[in-house]
Student: 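One structure is given below, represented as structure tokens, and several questions about it will come after.
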Amino acid sequence: MQFGRQAVKRPPFEISGIRFSSLPLSLAEEKRLAGAGADATTDDAAMDALLGILAELLNARTQGESVGADWLMENLTAGDLEGIVSYLRGEATAD
């Protein structure tokens with residue numbers, strides 16, 4: 001039996017031509033996501049915080065490409081955000 005992030009093997013996923021590894025979220029990444037927008041005073045500020053963290057998570061899973069909150073806003077839907085996080089948590093499979 002193996003434990004740890006490297007023990008989970010899943011195919012990469014792609015968003016608008018950029019390929020991302022499916023390395024599961026670490027405990028530190030989960031903690032950052034859980035706290036996203038905690039200090040936000042508006043829905044827009046909470047979404048900006050979440051997009052910033054998601055961009056960091058995706059940038060840690062790609063090589064040679066970099067995405068930001070603006071890129072995510074142009075290329076994803078609200079359902080995509082939930083789907084990506086679920087996939088990285090191992091809760092769902094990417095299509």
Side-chain angles (χ1 to χ4, degrees):
M1 172 107 12
Q2 291 184 348
F3 292 97
R5 298 170 70 196
Q6 302 298 332
V8 178
K9 304 283 188 217
R10 289 182 295 166
F13 60 96
E14 191 172 301
I15 303 169
S16 297
I18 300 177
R19 184 174 282 252
F20 300 90
S21 76
S22 295
L23 184 65
L25 296 175
S26 69
L27 291 174
E29 290 170 334
E30 283 282 2
K31 185 176 179 180
R32 292 202 63 221
L33 272 174
D39 296 334
T41 56
T42 66
D43 289 342
D44 283 345
M47 179 62 86
D48 289 345
L50 177 61
L51 288 172
I53 292 171
L54 185 58
E56 290 176 21
L57 297 177
L58 291 175
N59 285 328
R61 287 163 174 80
T62 188
Q63 293 181 358
E65 299 283 346
S66 180
V67 301
D70 290 339
W71 185 89
L72 294 174
M73 292 286 289
E74 293 295 321
N75 290 283
L76 299 178
T77 66
D80 293 331
L81 295 176
E82 294 173 14
I84 291 167
V85 172
S86 291
Y87 186 65
L88 293 176
R89 285 180 173 149
E91 298 170 354
T93 59
D95 293 328

Student: Please report the closest heavy-atom contact between Pro12 and Ser22, naming both atoms and the distance.
Tutor: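 Closest pair (atom of Pro12, atom of Ser22, distance): CA-OG, 3.6 Å.
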
Student: Determine, for Glu56 against Arg61, whether the closest basic-nitrogen to carboxylate-oxygen distance falls under 4.0 angstrom.
Tutor: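 Between Arg61 and Glu56 there is no salt bridge, as every charged N stays at least 4.0 Å from the carboxylate O atoms.
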
Student: Are Arg19 and Glu65 within salt-bridge range, i.e. N to O under 4.0 Å?
Tutor: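 No, this pair does not count.
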
Student: Using only atom types and a distance under 3.5 Å, with no angle test, would you say the side chain of Asn75 pairs donor to acceptor with the backbone of Ser16?
Tutor: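 Absent.
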
Student: With clusters defined by side-chain heavy atoms of hydrophobic residues (ILVMFWY) lying less than 4.5 Å apart, directly or transitively, does Leu23 cluster with Val85?
Tutor: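 Unlinked, Val85 and Leu23 end up in two clusters.
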
Student: Counting only heavy atoms not in Glu14, do more than 12 sit closer than 6.0 Å to its CD atom?
Tutor: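 For Glu14, atom CD is crowded (more than 12 foreign heavy atoms under 6.0 Å).
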
Student: Take the angle between the ring planes of Phe20 and Phe13 and call it parallel below 30°, perpendicular above 60°, tilted in between.
Tutor: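 The rings of Phe20 and Phe13 lie parallel, inter-plane angle below 30°.
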
Student: Counting C-beta onward and ignoring hydrogens, is there a side-chain heavy-atom pair between Ser66 and Trp71 closer than 4.5 Å?
Tutor: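 The answer is no, as the side chains (C-beta and beyond) never meet within the 4.5 Å cut-off.
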
Student: How long is the span from the CG atom in Leu27 to the NZ atom in Lys31, to the nearest 0.5 Å?
Tutor: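 That separation rounds to 10.0 Å.
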
Student: Could you pull out the closest heavy-atom pair between Ala49 and Gly37, with the gap in Å?
Tutor: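 Reported closest heavy-atom pair: CB-N, 3.5 Å.
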
Student: Would the number of heavy atoms belonging to other residues, nucleotides or ligands and lying under 6.0 Å from CD of Glu82 be above 12?
Tutor: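 Counting other residues, nucleotides and ligands, CD of Glu82 stays at 12 neighbours or fewer.
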
Student: Tell me whether Arg32 contacts the main-chain N or O of Ala28 through its side chain, where contact means a donor paired with an acceptor under 3.5 Å.
Tutor: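 Such a contact is absent between Arg32 side chain and Ala28 backbone.
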
Student: State the CD1-CG distance between Ile84 and Leu57, to the nearest 0.5 angstrom.
Tutor: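 Going from CD1 on Ile84 over to CG on Leu57, the span is 10.0 Å.
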
Student: Counting C-beta onward and ignoring hydrogens, is there a side-chain heavy-atom pair between Leu50 and Leu33 closer than 4.5 Å?
Tutor: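 In short, these two side chains touch, coming nearer than 4.5 Å.
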
Student: Given side-chain contact (heavy atoms from CB on, under 4.5 Å), test Leu51 with Leu76 step by step and report yes or no.
Tutor: CA-CA 11 Å; Leu51 288 172; Leu76 299 178; 5.9 Å; no

Student: Could you check whether any side-chain heavy atom of Leu72 comes within less than 4.5 Å of a side-chain heavy atom of Leu58, counting everything from C-beta outward?
Tutor: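 Touching, per the 4.5 Å side-chain cut-off.
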
Student: Rounded to the nearest 0.5 Å, how far apart are CG of Leu88 and CD of Glu29?
Tutor: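 One finds 8.0 Å between CG of Leu88 and CD of Glu29.
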
Student: Are any side-chain N or O atoms of Asp48 and backbone N or O atoms of Ala45, one a donor and one an acceptor, separated by less than 3.5 Å?
Tutor: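 Not a single qualifying donor-acceptor pair exists.
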
Student: Are the side chains of Asp70 and Glu74 in touch, meaning some heavy atoms are under 4.5 Å apart?
Tutor: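 With C-beta onward as the side chain, the pair stays apart.
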
